There are 2 protein chains.
Amino acid sequence: MQKTLCQNCILQSDAAIKLIKNQLNELTDHCSRVEFKPGEIIFKENAISTNVVYIQRGLVKIHTDNFSKDRILRLTKAPSYLCLPGVLGDSINRFSATTIEPTLACFIDIHVFKKFILENGDFAYQIILALSQNEIKSFQVSLNLAQKQANGRVADALLYFAREIYNSQVFMLPFSRQELGDWMGISRESVSRILGEFHSAHIIYQNGKEITILNEELLEQISQKG
Amino acid sequence: MQKTLCQNCILQSDAAIKLIKNQLNELTDHCSRVEFKPGEIIFKENAISTNVVYIQRGLVKIHTDNFSKDRILRLTKAPSYLCLPGVLGDSINRFSATTIEPTLACFIDIHVFKKFILENGDFAYQIILALSQNEIKSFQVSLNLAQKQANGRVADALLYFAREIYNSQVFMLPFSRQELGDWMGISRESVSRILGEFHSAHIIYQNGKEITILNEELLEQISQKG
DNA sequence: CGATATTTGTGATATGTATCACATAGTCAC
DNA sequence: GTGACTATGTGATACATATCACAAATATCG
């Protein structure tokens with residue numbers, strides 16, 4: 001952990017930019033920055049937390065193993081606030097957060113965070129915008145899960161990595177087949193089979209965790225049709 | 001439509017209670033109240049909207065027919081703000097809202113709403129709390145859809161109506177079997193079969209849309225096990 | 001009230017995916 | 001480098017659920 005001068009931070013959130021000088025000083029006093037390696041736990045579900053976590057750099061999964069099986073609920077790419085929900089409501093984390101790439105996270109005291117919301121409308125408005133975006137995305141995830149078959153879900157996942165996370169047709173999957181399955185709600189064997197089919201059909205090229213999308217249009221169609 | 005004195009409204013939201021007198025006057029000037037019968041459309045997806053909708057009384061479904069098939073994303077029981085997300089982001093409704101019971105809705109000018117967020121931290125904080133709750137619920141919906149089998153989902157739906165909507169073991173389903181299926185992501189035939197099985201096993205009593213939960217504990221188990 | 005449309009139930013079948021079993025490849029520790 | 005462990009691929013099978021087809025019940029409307 002290291003104290004940081006939030007005023008000088010070049011990775012401020014859209015919300016933090018709205019803070020005035022005094023507030024930024026206060027943030028500095030109640031904010032600590034932590035560096036995480038891939039696979040490290042940022043916080044665990046059911047633990048009490050008095051911090052809001054802001055992800056400056058990196059990639060994080062929100063997940064739960066409530067039901068004996070690990071279920072990945074969402075990937076969150078920096079910059080982003082993590083899981084305000086549980087913390088704001090009753091200060092219990094409803095879900096776990098684990099890094100999947102090297103990540104830099106700020107832990108902000110919840111009281112200071114709440115104070116900023118109450119005092120600074122611009123800050124609050126940015127938070128509300130972000131939460132609204134999350135809600136739309138959650139709806140889309142629900143749609144996908146409820147409606148699409150396994151190959152549509154895998155296509156979805158690949159397009160998501162290519163477009164939202166890596167901005168590239170070529171990328172290293174940060175997940176095992178098992179984790180991909182946990183995320184999309186299908187078995188690891190089915191993930192293997194489907195990736196194999198996509199490979200055979202020259203829709204993607206796969207070599208272990210290395211993925212190249214060869215025919216994005218077709219992948220998009222598969223995702224759409226379910 | 002009728003103009004309403006928001007100051008005197010006995011159905012104010014948790015957020016509106018935080019408004020000061022001047023703001024309530026302003027709300028009155030930019031708020032109209034509309035009464036809906038069941039099955040009426042409050043707003044349609046892809047339409048531009050300059051209002052935030054607050055549901056004072058009633059029950060509403062958020063849904064989409066993007067993919068030719070109607071998919072119900074969420075039920076929203078009064079009191080609640082509806083779908084800030086789309087409106088706040090780019091003023092396009094991302095989803096449709098249709099009443100399923102008689103509903104009283106307030107249409108609030110988006111600019112006034114935004115002004116309140118900027119000016120009144122208590123108001124903003126209440127909105128953030130509500131959005132946070134929504135997010136947790138969305139995660140749970142995702143978990144259910146990704147993980148549970150059909151009978152678990154139907155059990156879920158029944159418990160949801162009994163506990164969250166009607167607070168009673170006996171209630172009239174506001175949905176057809178088709179709609180129940182659209183909501184839980186299963187076919188109408190499967191819904192029929194599963195309800196029939198629950199009936200035979202004396203877990204519920206069903207007579208058309210009239211449902212009585214006879215063995216809540218067992219239903220809970222079915223929901224848990226998936 | 002009767003005619004028509006809509007909703008619901010139920011059997012037979014098809015299909016997709018989980019599960020199981022096992023082989024193979026890759027990774028890590030010492 | 002060797003052994004142990006983990007991740008991955010693949011075939012056979014079982015199972016859940018969609019789909020189709022049709023009958024029965026219910027609601028709607030002139």
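Letters A, B, ... are given to chains in the order of the sequence lines, protein chains preceding strands, and every chain is numbered from 1. Keep in mind the model is a prediction, meaning the values are calculated, not measured.
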For atom CD of B/Q149 and atom C1' of C/dA18, their distance in whole Å: 9 Å
Phosphate OP1/OP2 of C/dT8 contacted by B/K209 side-chain N/O (<4.0 Å): yes
D/dA18 phosphate, OP1 or OP2, under 4.0 Å from B/S190 side-chain N/O: yes
Atom-pair distance (NZ on A/K148; P on D/dT17), nearest Å: 21 Å
Residue pair A/F107 / A/I42, side-chain heavy-atom distance below 4.5 Å: yes
Interatomic distance where CE belongs to B/M184 and C1' belongs to D/dA18 [whole Å]: 17 Å
Exercise: do A/Q224 and A/E220 side chains pair donor with acceptor under 3.5 Å: yes
Nearest-Å distance for atom pair CD/P, residues B/Q147 and C/dA18: 13 Å
Validation row, ring centre A/Y205 to ring centre A/H199 under 6.0 Å: yes
Residue pair A/T64, B/F139: steps toward the side-chain contact (heavy atoms from CB on, under 4.5 Å) verdict: CA-CA 10 Å; A/T64 177; B/F139 278 150; over 6 Å; no
OP1 or OP2 of C/dG9 under 4.0 Å from side-chain N/O of B/R177: yes
Any N/O donor-acceptor pair, A/R193 side-chain to C/dG16 base, under 3.5 Å: no
First encountered from the 5' end of DNA chain C, between A/R188 and A/G185: A/G185
Residue pair B/E35, B/R57: steps toward the salt bridge (charged side-chain N to carboxylate O under 4.0 Å, His left out) verdict: CA-CA 9 Å; B/E35 189 93 40; B/R57 272 194 290 104; 3.6 Å; yes
d(CE, B/M172; P, D/dT26) in whole Å: 13 Å
Rounded distance in Å - CD (A/E210) to C1' (D/dA7): 17 Å
Closest to the A/S176 side chain, choosing from D/dT8, C/dG9, D/dT17: D/dT8
For DNA chain C, the residues among residues 194-202 of chain A that have a non-hydrogen atom under 4.0 Å from it: none
Nearest-Å distance for atom pair CD/P, residues B/Q178 and C/dG9: 13 Å
Polar contact flag, side-chain donor to acceptor under 3.5 angstrom, A/R188-A/S176: no
Distance, rounded to the nearest Å, where B/L180 contributes CG and C/dG9 contributes C1': 15 Å
Shortest non-hydrogen separation from A/Q169 to A/E216 and the atoms involved: OE1-OE1, 3.0 Å
Residue met sooner reading DNA chain C from 5', once B/E189 and A/N151 are mapped to nucleotides: B/E189
